[in-house]
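Counting from 1, the numbers follow the sequence of the chain as shown. Fair warning: this is a prediction, and the values are worked out from it, not measured in the lab. Just so it is clear, the values below take in all heavy atoms, side chains as well, and ignore hydrogens, waters and symmetry mates.
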Amino acid sequence: MSETYYEFGTAAERWDRAQLFFEAKEYLTAARILRGLVEEAPGQVAQRLLLARAYYHSAQLGRAEGELRSVLELDPVESYAHLMLGRTLERQGRPAEAAPHLRLAAVMTGE
């Protein structure tokens, strides 16, 4: 794919743009921007988490799972990542794998 205007600018500008596209439910465009940001700063949890959400909402469940597992490697106590991973696995028809993540998310958030 060729680069488009929304892939240019500072990291902060692209982050803001990715969030705008996500909020507008333009998940594929948000993911495209976020992939570049994640490549540049692979240790940034927030960018990876939003990328996983964009993948989830655009039904790219394998990619969402991969990003969520990366988030949990970086931050094992990220409760939202556990919740999302559980839901992603459920959506893929893998409830047994989802259950521990969903239970852990519930315990972490006090539910």
Side-chain angles (χ1 to χ4, degrees):
M1 271 188 223
S2 64
E3 291 184 350
T4 56
Y5 77 93
Y6 46 78
E7 294 173 293
F8 291 99
T10 67
E13 290 168 339
R14 288 178 287 139
W15 170 246
D16 289 342
R17 203 172 296 130
Q19 290 177 304
L20 289 172
F21 278 107
F22 185 88
E23 290 168 10
K25 298 183 180 179
E26 295 287 337
Y27 303 118
L28 294 175
T29 303
R32 187 171 172 181
I33 298 166
L34 290 161
R35 274 193 304 268
L37 290 169
V38 166
E39 286 176 14
E40 291 172 24
Q44 292 289 326
V45 171
Q47 295 172 357
R48 282 189 178 276
L49 195 52
L50 189 59
L51 178 56
R53 291 177 64 199
Y55 284 149
Y56 179 87
H57 288 297
S58 61
Q60 297 179 65
L61 302 178
R63 288 181 173 180
E65 179 183 349
E67 287 302 323
L68 290 165
R69 291 190 187 280
S70 294
V71 166
L72 290 172
E73 284 178 21
L74 294 167
D75 186 358
V77 296
E78 173 53 64
S79 61
Y80 190 69
H82 281 287
L83 175 65
M84 278 200 61
L85 181 56
R87 293 219 174 126
T88 300
L89 292 168
E90 279 183 330
R91 198 167 162 194
Q92 293 179 71
R94 297 159 58 192
E97 290 177 65
H101 292 286
L102 295 172
R103 279 194 305 270
L104 190 52
V107 168
M108 293 172 126
T109 59
E111 292 179 19

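For Tyr27, the ring-ring contact (aromatic ring centres under 6.0 Å, His included) partners are Phe22, His57, not counting sequence neighbours. Judged as a side chain to side chain donor-acceptor pair (under 3.5 Å), and not counting sequence neighbours, the contacts of Gln92 are Glu65, Arg94. Listed by chain and number, the residues in a side chain to side chain donor-acceptor pair (under 3.5 Å) with Arg53 amount to none (sequence neighbours excluded).
In this structure, CG on Leu68 lies 6.5 Å from CG on Leu49, to the nearest 0.5 angstrom. Between Arg103 atom CZ and Leu83 atom CG the span is 14.0 Å, to the nearest 0.5 Å. Of the inter-residue distances, the one linking Leu72 atom CG with His101 atom NE2 reads 7.0 Å to the nearest 0.5 angstrom. Remark: Leu34 CG to Gln19 CD distance equals 8.5 Å, nearest 0.5 Å. For the atom pair Asp75 CG and His82 NE2, the distance stands at 8.5 Å (nearest 0.5 Å). Taking CD from Glu97 and CG from Leu89, the interatomic distance works out to 5.5 Å, rounded to the nearest 0.5 Å.
Pairing each heavy atom of Ala18 with each of Ala30, the nearest pair is O-CB, 3.6 Å. When all heavy atoms are compared, the tightest approach of Glu67 to Ala52 is CB-CB, 3.8 Å. Shortest non-hydrogen contact noted between Ile33 and Arg14 is CG2-O, 3.4 Å. Across every non-hydrogen atom of Ala105 and Ser79, the tightest pair is CB-O, 3.6 Å. Of all non-hydrogen atoms in Ala41 and Gln47, the two that sit nearest each other are O-OE1, 4.0 Å. The shortest non-hydrogen separation linking Gly9 to Glu13 is CA-OE1, 3.1 Å.
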**OP:** Take Glu73 and Arg48 through the salt bridge (charged side-chain N to carboxylate O under 4.0 Å, His left out) test and state the conclusion after the steps.
**Re:** CA-CA 11 Å; Glu73 284 178 21; Arg48 282 189 178 276; over 6 Å; no
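Distance alone, capped at 3.5 Å, is enough to place a donor-acceptor pair between the Arg91 side chain and the Tyr56 backbone. Side chain of Arg35 to backbone of Leu51: no donor-acceptor contact under 3.5 angstrom is found. With Glu78 contributing its side chain and Tyr80 its backbone, the two residues share a donor-acceptor pair below 3.5 Å.
Evaluation of the salt bridge (charged side-chain N to carboxylate O under 4.0 Å, His left out) test over residues 18-30, restricted to residues two or more places apart or in two chains, returns none.
Met108 belongs to a hydrophobic cluster with Val77, Leu104, counting contacts under 4.5 Å between side-chain heavy atoms of Ile, Leu, Val, Met, Phe, Trp and Tyr, direct or through other members. In this structure, Leu28 stands alone, with no Ile, Leu, Val, Met, Phe, Trp or Tyr side-chain heavy atom under 4.5 Å from its own, directly or through other members.
Transitive grouping of hydrophobic side chains (ILVMFWY, heavy atoms separated by less than 4.5 Å) brings Leu85 and Leu102 into a common cluster. Clustering ILVMFWY residues whenever any of their side-chain heavy atoms sit less than 4.5 angstrom apart, transitively, puts Leu50 in a cluster other than the one holding Met84.
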